[in-house]
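Values below: every heavy atom of this structure, side chains too, minus hydrogens, waters and symmetry copies.
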Amino acid sequence: FFKPFYSLGVATNRDAWCYNFSKTNITTNISTLINNYNKYLILHSIDEFIPWTVGLKNCFNKSIQLNFSNLNCRIGLYRPFCRQIVYFDKFLNERTLQIPKLFPTQNHKNLVICVPAPGGTNEFMPLISEFIPDLHFNGDAQCFPRYYYEEDTKKQHTLFSAQTVIDGYTRHDGITDWVYQECKTKYGPKVTKDTIFWYVYGLLHSEDYRKTYSDDLKKSLPRLPLVDNPEDFWAFSKGGEELARLHLNYETVEPYAKVTVTGEDKGNFSVDKIRFVDKRDKSAIQFNPGIRITGIPLEAYGYVVNGRSAIEWIMDRYQVKIDKDSGIKNDPNDWAKEHKQPRYILEVLLKVITVSLKTLDITNKLPKLQF
């Protein structure tokens, strides 16, 4: 289905420094790191203040001086439904792999279907991203792109060129021409590479597919069949597109309305750590000391990504954390402040309940697979 330009997610090996909910903090942290690195480069000595990795030591041994760039402050998806600022840089990220071909700059839009790499122990579940995914986004994420980009060094394209050039990069289809022709032959002339991309996302969500190939999916990357019935192809494609739009736009869906939220009138929406009121009953969440959510439908916890329900990913990631080695604070309230959305975290939690229920509804309506 895909050309060989898929990639694992980015591995920084210094997440506390390279990820933060605050762009201001990322700028301060990375500037401090770079300034100290350059100082030790002049002194020809390695200090333990720097979070050294093999890649950064190689830079040091080659006397490569580092410079901060605001353009490297990008939006990344650190974990499911958790956007943070990532400092995306080939020197300060231990492995960027082929991610620079998928997201060369912030102006180059793309979609990647991320699946757990072989060897994981959690149940297989894909998740789509329009931003740079972390290595552990949904397992050891292998990212299959709608497009990939190559720098247009020759600059010989014209208005009549078959390739699309965007800000100095040529955009290529990630879907192979072979599968495109196969699908057009089997399913009709209305097939596009977009409909194939959505078909892949829909098929990967099929419970029949995931259960039948559960052992294989732990050993190798997914192998995707082309269904015999054109109606099934279009049903998977339509379902895949609905799922993709839902997962990509989780910030803009309607918050789940059939819960009771108490304490909103106090106007304090900041969080320290979101907890269950009672660990034995997941229908009630203590958002912060003043706000409680009750009446959460338990079936919503059935949408599980990388071993944890989507709701519990929100609870886990949207908490204040201080890295014990560097002392760096990562505070999700900073994202809400910098985006001037004081209710952001509460809204995301309520919206992910909606996302979870709708995901289960769509996947339950996917066609049955015949093997």
Any donor-acceptor pair under 3.5 Å from D316 side chain to E312 backbone: no
I166 vs K109, side chain to side chain contact (heavy atoms under 4.5 Å, CB included): CA-CA, chis, key distance, verdict: CA-CA 10 Å; I166 303 172; K109 307 302 181 185; over 6 Å; no
R83 and E130 ion-paired at < 4.0 Å: yes
Q370 vs N229 side-chain heavy atoms within contact, under 4.5 Å: no
Cation-pi check, R171 onto Y149 ring (under 6.0 Å, within 45° of axis): no
Distance-only donor-acceptor check, side chains T53 and E94, under 3.5 Å: yes
Min side-chain heavy-atom separation V304-N122 under 4.5 Å: no
Carboxylate-amine/guanidinium contact E123 R210, below 4.0 Å: yes
Between H108 and Y169, ring centroids under 6.0 Å: yes
ILVMFWY cluster, L360 and Y209 together (side-chain gap under 4.5 Å): yes
Euclidean distance, F2 CZ relative to F144 CZ, rounded to 0.5 Å: 7.0 Å
Distance in Å, L298 CG paired with D281 CG, rounded so as to fall on 0.5 Å steps: 6.5 Å
Heavy-atom closest contact (P367 atom, A235 atom, distance): CG-CB, 3.5 Å
Distance-only side-chain donor-acceptor flag, D15 / T12, under 3.5 Å: yes
Side chain to side chain, Q319 and D272, heavy atoms closer than 4.5 Å: no
NZ/NE/NH1/NH2 to OD/OE distance under 4.0 Å, E207 and K211: yes
Geometric class of the Y78/Y19 ring pair [parallel <30°, tilted 30-60°, perpendicular >60°]: tilted
Donor-acceptor side-chain pairing of N25 and T28 below 3.5 angstrom: no
Y199 side chain vs W234 backbone, donor-acceptor pair below 3.5 Å: no
NZ (K186) with more than 12 external heavy atoms under 6.0 Å: yes
Y344/E251 under side chain to side chain donor-acceptor pair (under 3.5 Å): CA gap, chis, key distance, verdict: CA-CA 9 Å; Y344 176 83; E251 290 182 322; 2.4 Å; yes
Parallel, tilted or perpendicular, as decided by the 30° and 60° cut-offs, for the rings of F68 and Y87: parallel
Separation of F137 CZ from C143 SG (nearest 0.5 Å): 8.0 Å
K273 atom NZ, over 12 foreign heavy atoms within 6.0 Å: yes
Minimum heavy-atom distance between F269 and I291, given as atom pair plus value: CD2-CD1, 3.7 Å
Considering all heavy atoms, the nearest L77-Y250 contact: CD2-OH, 4.3 Å
Aromatic ring pairing F233/Y187, orientation class (parallel under 30°, perpendicular over 60°, tilted between): parallel
Pair F21 + Y318: ring centers closer than 6.0 Å: yes
N138 side chain vs M125 backbone, donor-acceptor pair below 3.5 Å: yes
Test item: K351 side-chain N/O and P255 main-chain N/O as donor-acceptor pair under 3.5 Å: no
Single-linkage hydrophobic cluster, 4.5 Å side-chain cutoff, L102 and L127 together: no
Whether T185 side chain and Q181 backbone form a donor-acceptor pair below 3.5 Å: yes
L357 to P297 - nearest heavy-atom pair and separation: CD1-CG, 3.8 Å
Closest approach of F197 to L111 (non-hydrogen atoms, all atoms of both residues): CZ-O, 3.8 Å
Gap between atom OG of S206 and atom NZ of K368 - 0.5 Å precision: 8.0 Å
K321, NZ: over 12 other non-hydrogen atoms inside 6.0 angstrom: yes
Cationic N near anionic O, under 4.0 Å, R223 to D216: no
K238 with E242: basic N within carboxylate O range, under 4.0 Å: yes
Derivation and outcome, side chain to side chain contact (heavy atoms under 4.5 Å, CB included), residues F1 and L226: CA-CA 10 Å; F1 276 76; L226 290 176; 3.5 Å; yes
W313 side chain vs V305 backbone, donor-acceptor pair below 3.5 Å: yes
Contact check, side chains of Y303 and V352, non-hydrogen atoms, under 4.5 Å: no
Aromatic ring pairing H247/H205, orientation class (parallel under 30°, perpendicular over 60°, tilted between): tilted
Value rounded to 0.5 Å, distance of CD1 in I274 from CD1 in I293: 7.5 Å
Salt-bridge contact D331-K337 (side-chain N to carboxylate O under 4.0 Å): no
Pair F131 + F103: ring centers closer than 6.0 Å: no
Contact check, side chains of L369 and F236, non-hydrogen atoms, under 4.5 Å: yes
Test: D173 and R146 ion pair at under 4.0 Å: yes
Backbone N/O of T96 and side chain of N93: donor-acceptor pair under 3.5 Å: no
Distance under 6.0 Å and angle within 45° of ring axis: K193 vs Y180: yes
K184 and K190, any side-chain heavy atoms less than 4.5 Å apart: no
Audit row: I311, I285, side chain to side chain contact (heavy atoms under 4.5 Å, CB included) steps and yes/no: CA-CA 10 Å; I311 296 170; I285 288 175; 4.1 Å; yes
Donor-acceptor contact below 3.5 Å, side chain Q341 vs main chain R343: no
Donor-acceptor contact below 3.5 Å, side chain T354 vs main chain Y256: yes
N38 and I34: CA distance, side-chain angles, deciding distance, side chain to side chain contact (heavy atoms under 4.5 Å, CB included) verdict: CA-CA 6 Å; N38 288 335; I34 288 175; 3.5 Å; yes
Sub-6.0 Å ring centroid separation between W52 and F60: yes
Side chain T195, main chain T192, donor-acceptor under 3.5 Å: yes
Any side-chain heavy-atom pair of I132 and I99 under 4.5 Å: yes
Any side-chain heavy-atom pair of F124 and L204 under 4.5 Å: yes
Smallest separation among heavy atoms of I175 and V179, with atom names: CG2-CG1, 3.5 Å
Between OG on residue S309 and OH on residue Y301, distance to nearest 0.5 Å: 6.5 Å
Check ion pair K219-D215 (N to O, under 4.0 angstrom): no
